[in-house]
2 protein chains.
Amino acid sequence: MRKPVRIFEVAKEAGVSPGTVSKVLNGTQRMAAATEARVWKAVSKLGYQANLHAQILSTGRSRALGIVILDILNPHFTALVKGSGQVATERGYTVLLADAEENPKREQELIQSLRARTDGLILAGSRLTDQEIACLHSPEQPIVTVGRRIAGVPSVTVDEYTASLQLASYLVGLGCQRILYLAGPPFWVNQERERGYRNALEQAGLTPQVLSLTSPDLLGGEQASALLWTMQPFPDAVICYNDLAAIGLMASLKTLGVRVPQEVAVVAFGNHPLAAHLSPSLTHMEIPSRRLGELAVGLLVGLLEQPQEEPQPVIQYAVLRPRESSRIG
Amino acid sequence: MRKPVRIFEVAKEAGVSPGTVSKVLNGTQRMAAATEARVWKAVSKLGYQANLHAQILSTGRSRALGIVILDILNPHFTALVKGSGQVATERGYTVLLADAEENPKREQELIQSLRARTDGLILAGSRLTDQEIACLHSPEQPIVTVGRRIAGVPSVTVDEYTASLQLASYLVGLGCQRILYLAGPPFWVNQERERGYRNALEQAGLTPQVLSLTSPDLLGGEQASALLWTMQPFPDAVICYNDLAAIGLMASLKTLGVRVPQEVAVVAFGNHPLAAHLSPSLTHMEIPSRRLGELAVGLLVGLLEQPQEEPQPVIQYAVLRPRESSRIG
DNA sequence: CTGTTAGCGCTTTCAT
DNA sequence: ATGAAAGCGCTAACAG
């Protein structure tokens, strides 16, 4: 129906040139107060809305940020998004979000699509290789990774190694002897967590034992119970790669008649909103997901606006939240 | 660093004109096989990637869809997004997602931003007025609402009235006498649910009693327990606007020493992934969130590609999932 | 201070 | 079957 208004028509209405309208609207250059007033009036009278793509084509900047997350059903990533939105708005950027659905191929497509539409990208929980990510990063199209450290690529991460060391040590302190680690996918986060776990156990003179989750979610946790079931001797504590798996595991153990924490303690990494609402409530190393999102946007915007500076990796720390699932003795 | 390759350079490399390259790449017009081959070779040799904004500016279409959701922390909306991604990809569209954070002002801004970047929008859980939404909808920039029926605006909804009638009737059938409804925000979905509830109770000769949640989430549910506590007589069943509220409520009731379902049954609308994992597990009317997302994209793409047709409202149905939280007698 | 003009990179008639 | 050229709507450098 009604075609969108173009800058030319606003200029005519205000009796000035398109260039002038552009300058007034963008505050690029101050004009006589009277002129500005006429322009603004014309704009609101005609309901003018600049064509975004013409603007981007002309300026080369979109003032939009892309975030690609591993899985939108995982509360870690949604909390991260929540954090990013706030900061992006403050800094004058729009966030464009996409869900990779744990699929590297789909992730690549989404990255290409978002990259063309934004000034920079945040990759949270990427399943691409270090190489692929490093290739993507450039000063004009910067990438910030969350939960992954790659040489030459700015990142925001949690000190997962220390977090894991602490969590395992906590269980050791509780007197656990047979502590199992249910590992996640073989990327940076899991590597660090596994390393921390192994070190803690070795320091305590205990034998590490690692089993891999079929998937880092509810289902993976449920399926893990079958493996546990066959273990001789049965572990007295399980550290789960994430809270989703822990929740699935606890539900399955309940079905099997195994009592948590009396027969086996269950702990995890994460910050699931229901961790404190379950029964037993879930002990975890709380990952500051939301804060990671805030910091990632801050870092990315910094790169966009001060391209010269070499950014330092941003590192955050997890906090132990003891709850019922490890209330032993 | 390295400037992106332009179509002109590809043309030169292939010994043809830019127009020809464009036609070959878009399949707009068939060229001599030899020519096409040369073009493709040049493209891959130079790693040419068309400038998206120039393309959009020129064609007027972006092949992108926008989805604005009420709250990304709410599993209903994340499941919906999951559904949308699948279908959009099949139909050749990119989904751009934004989280309104339950804030109408922010929602308006996001809508404006996404509208400029996409061919059409899906509004899931909008907090705008019917008027505002109706104004946004146009054949060239269609809107599809999810969970809201507005005259003249294509929509995908659940028959919430019937769902609610069924849920309340189920409790009546269980012998409940004092059934409370914890209402959500005063938009379409809640109106329908409340209407269904009232009708069911009146048919059964019982007195409806409605209390409003402070917010439709965990916190709102927790806070509601304080109100419940003061009620004389105490209800024997509570229907919650959504599962998040129900979970918060159950956690608080546990703290207060009220037993579910023995002293009070708790049921809700929703499809929270943990509903079956809680103890007691949560009875709910299962809302097909994911399916709603799939259908919304289907509807929107249809509008985009067959602009002439007047679309019928799409209606889905909820399914009762009885679980422990209503296991009475 | 304001207008003119030349792009930004691609698509698409319209000729040839 | 292919090339030339005119936009798409805006910004920015340069004149005046």
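The basis for the numbers below is simple: all heavy atoms, side chains too, and nothing from hydrogens, waters or symmetry mates. By convention in this document, chain letters (A, B, ...) are assigned in the order of the sequence lines, proteins followed by strands, and residues within each chain are numbered from 1.
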> Under 4.0 Å between a Lys/Arg side-chain N and an Asp/Glu carboxylate O for B:R63 and B:D119?
Replying inline: no
> Going by atom types alone, do A:T157 and A:R149 pair a side-chain donor with an acceptor below 3.5 Å?
Replying inline: yes
>> What I want to find out is whether A:R106 reaches A:D99 closely enough, with some N-O distance under 4.0 Å, to be called a salt bridge.
In response: no
> Is it the case that A:S155 and A:R148 place a side-chain donor and acceptor less than 3.5 Å from each other?
Replying inline: no
> Below 4.0 angstrom, N of the basic side chain to O of the carboxylate: do B:R6 and B:E9 qualify?
Replying inline: yes
> How far does OG1 of A:T145 sit from CD1 of A:I133, to the nearest 0.5 angstrom?
Replying inline: 6.5 Å
> If you measure from the Lys or Arg side-chain nitrogens to the Asp or Glu carboxylate oxygens, is any gap between B:R30 and B:E36 under 4.0 Å?
Replying inline: yes
> Just the endpoints, please: which first and last nucleotides of DNA chain C, 5' to 3', lie under 4.0 Å from a heavy atom of chain B?
Replying inline: C:dG9 to C:dT13
>> Under 4.0 Å, heavy atom to any atom of DNA chain C: which of residues 6-25 of chain B qualify?
In response: B:R6, B:I7, B:G19, B:S22, B:K23
> Going from CD1 on A:I287 to CG on A:L292, what distance comes out if it is rounded to the nearest 0.5 angstrom?
Replying inline: 8.0 Å
> Quick one: how far along DNA chain D does chain B reach, first to last nucleotide 5' to 3', anything under 4.0 Å to a heavy atom?
Replying inline: D:dA1 to D:dG9
> Looking at DNA chain C, which of residues 53-63 of chain B put a heavy atom within less than 4.0 Å of it?
Replying inline: B:A54, B:Q55, B:S58, B:T59
> For the atom pair CD1 (A:I7) and CD (A:Q55), what is the distance rounded to the nearest 0.5 Å?
Replying inline: 8.5 Å
>> I'd like to check the ring pair (Phe, Tyr, Trp, His ring centres under 6.0 Å) partners of B:H76; sequence neighbours left out, ordered by chain and number.
In response: none
>> Under a 3.5 Å threshold, yes or no: a donor from one side chain and an acceptor from the other, between B:S62 and B:T118?
In response: no
> Any luck finding a side-chain donor-acceptor pair between A:E132 and A:T129 under 3.5 Å?
Replying inline: yes
>> With a 4.0 Å cut-off on N to O distance, would you call A:E13 and A:K45 a salt bridge?
In response: yes
> Quick one: do B:R291 and B:E294 make a salt bridge, cutoff under 4.0 Å?
Replying inline: yes
> CG/B:L110 to CG/B:L123 distance, rounded to the nearest 0.5 angstrom?
Replying inline: 10.5 Å
> Can you list, by residue number, the residues of residues 26-40 of chain A that have a non-hydrogen atom closer than 4.0 angstrom to DNA chain C?
Replying inline: A:Q29, A:M31, A:A32, A:T35
